[in-house]
Amino acid sequence: MAGFTQHNALKMSSREAFGCDIGQARRAVEQLRMEAGLDRIKVSKAATDLLQFCTEQAKSDPFLVGIPAATNPFKEKKPCAIL
Amino acid sequence: MATDGLHENETLATLKSEAESLKGKLEEERAKLHDVELHQVAERVEALGQFVMKTRRTLKGHGNKVLCMDWCKDKRRIVSSSQDGKVIVWDSFTTNKEHAVTMPCTWVMACAYAPSGCAIACGGLDNKCSVYPLTFDKNESMAAKKKSVAMHTNYLSACSFTNSDMQILTASGDGTCALWDVESGQLLQSFHGHGADVLCLDLAPSETGNTFVSGGCDKKSMVWDMRSGQCVQAFETHESDVNSVRYYPSGDAFASGSDDATVCF
């Protein structure tokens with residue numbers, strides 16, 4: 001628990017440094033204006049594209065297709081006995 | 001001085017209200033295009049079964065929390081860094097430690113393997129990102145060949161080589177990300193926009209272009225153009241620190257994990 005608090009303390013220590021001045025406010029407005037002007041596509045189109053990519057990639061996904069034991073470098077090799 | 005202060009306050013207020021109205025407009029634009037939910041589009045897709053996952057190797061050697069790790073492109077070696085100040089390069093097949101470096105600081109929060117496999121980068125509370133060439137020469141100490149590449153004004157939270165050994169992208173508690181030339185240590189581009197510590201970053205898959213995404217304590221995820229230093233888009237949907245961001249392999253989407261106990265896609 002102590003370690004966790006320490007990690008958070010690292011993060012929080014910087015928060016006070018970021019106040020809000022004119023320069024920052026101006027940049028924020030410019031950034032928002034730029035973003036408001038971006039081209040966007042519908043979620044239905046984006047989702048369909050993602051789904052298509054996912055389905056295509058599934059055929060080569062080791063989590064779904066599995067890894068043949070012969071090519072799996074991490075699988076323990078069975079010992080050979082010389083008869 | 002008092003009148004200057006007043007003038008500043010007025011302009012600050014108008015800028016803030018313009019920012020608010022632009023944010024509202026952005027939300028409207030996004031809502032208009034939100035015609036369906038992802039899970040609705042995915043309805044007819046077969047659900048995945050249980051994954052059987054087996055632990056194949058356990059790499060023991062760090063004395064404290066392991067904060068970061070990265071695979072080498074050879075799919076065999078791993079670099080990891082720890083709160084104990086050590087950075088270790090492992091052969092994951094044999095579990096042997098191939099290299100070990102003791103950093104001058106504890107909390108080595110970031111480490112990365114160079115694409116060539118010939119070097120590693122790491123940093124943390126030392127506010128730097130250092131590159132260590134990997135050598136098997138027993139007469140050469142790794143620490144002697146250390147090159148300090150990135151200098152931040154607060155802790156290093158993440159680092160990543162771009163598609164070559166020549167450039168490194170860093171994220172820092174000082175609220176910025178930066179792109180550095182490894183050879184000269186020169187700052188090539190800096191990325192300002194986060195309102196607090198930047199905790200993570202991820203480069204877009206190489207085929208899709210020169211962008212990367214970062215997440216920070218300001219609850220935002222930001223997508224950046226590496227060449228111009230511009231923030232292309234900012235996402236403010238989390239309710240707390242964004243600890244981790246990852247691009248989807250197609251390059252068209254990314255996921256973010258947060259202290260608010262959610263993952264957003």
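Naming convention: chains lettered A, B, ... in sequence-line order (proteins, then strands); numbering from 1 in each chain. Please read all numbers here as calculations on a predicted model, not as lab measurements.
When each of Lys23(B), His192(B), Arg57(B), Lys75(B) is checked for heavy-atom pairs under 4.5 Å with chain A, Arg57(B) comes out on top. Between chain A and the residues Gln233(B), Lys25(B), Arg30(B), the largest count of heavy-atom pairs under 4.5 Å involves Gln233(B). With chain A as the partner, the residue from Ala42(B), Ala234(B), Ala253(B) showing the most heavy-atom pairs under 4.5 Å is Ala234(B).
The two residues Val29(A) and Leu15(B) come nearest to each other via the heavy atoms CG2-O, 3.3 Å. The two residues Leu32(A) and Ala19(B) have their closest heavy-atom pair at CD1-O, 3.5 Å. Listed here is the closest heavy atom pair of Met34(A) and Cys231(B): CE-O, 3.0 Å.
For a residue to count as touching a neighbouring chain, one of its non-hydrogen atoms must lie under 4.5 Å from one of that chain's; by this rule Val45(B) touches chain A with the side chain only. With a threshold of 4.5 angstrom between heavy atoms, Ser92(B) approaches chain A through its backbone and through its side chain. Using a 4.5 Å cut-off between heavy atoms, Arg27(A) makes no contact with chain B at all. Interface residue Glu35(A): backbone and side-chain heavy atoms are both found under 4.5 Å from chain B. Contact annotation for Leu38(A): only side-chain heavy atoms (C-beta onward) come within less than 4.5 Å of a heavy atom of chain B. Interface remark: Gln230(B) contributes side-chain atoms only to the contact with chain A (heavy atom separation under 4.5 Å). With a 4.5 angstrom heavy-atom cutoff, Asn72(A) touches chain B only via side-chain atoms. Only the side chain of Leu51(A) has a heavy atom closer than 4.5 Å to any heavy atom of chain B.
Taking CD1 of Ile41(A) as the reference point, atom CG of Asp252(B) lies at 7.5 Å (rounded to 0.5 Å). One finds the CD atom of Gln31(A) at 11.0 Å from the CG atom of Leu22(B) (value rounded to the nearest 0.5 Å). Between atom OG1 of residue Thr55(A) and atom CD of residue Glu46(B) there is a gap of 11.0 Å, rounded to the nearest 0.5 Å. A distance of 12.5 Å separates CZ in Arg33(A) from CG in Leu26(B), rounded to the nearest 0.5 Å.
Atom NZ of Lys220(B) is surrounded by more than 12 heavy atoms from other residues, nucleotides or ligands within 6.0 Å. Taking a 6.0 Å sphere around CD of Glu236(B), one finds it holds more than 12 heavy atoms contributed by other residues, nucleotides or ligands.
For Tyr248(B), the ring pair (Phe, Tyr, Trp, His ring centres under 6.0 Å) partners two or more places apart in sequence, or in a different chain, are Phe53(A), Phe265(B). The side-chain hydrogen bond (donor to acceptor under 3.5 Å, both in side chains) search around Ser44(A) returns Asp35(B), not counting sequence neighbours.
By the 4.5 Å heavy-atom criterion applied to side chains, Arg40(A) and Lys32(B) are not counted as neighbours. Between Pro73(A) and Arg76(B), the closest side-chain pair of non-hydrogen atoms is not below 4.5 Å. Counting heavy atoms from C-beta outward, Gln40(B) and Val43(A) have side chains that stay 4.5 Å or more apart.
Aromatic ring orientation, Phe74(A) versus Phe93(B): perpendicular (interplanar angle above 60°, classes split at 30° and 60°).
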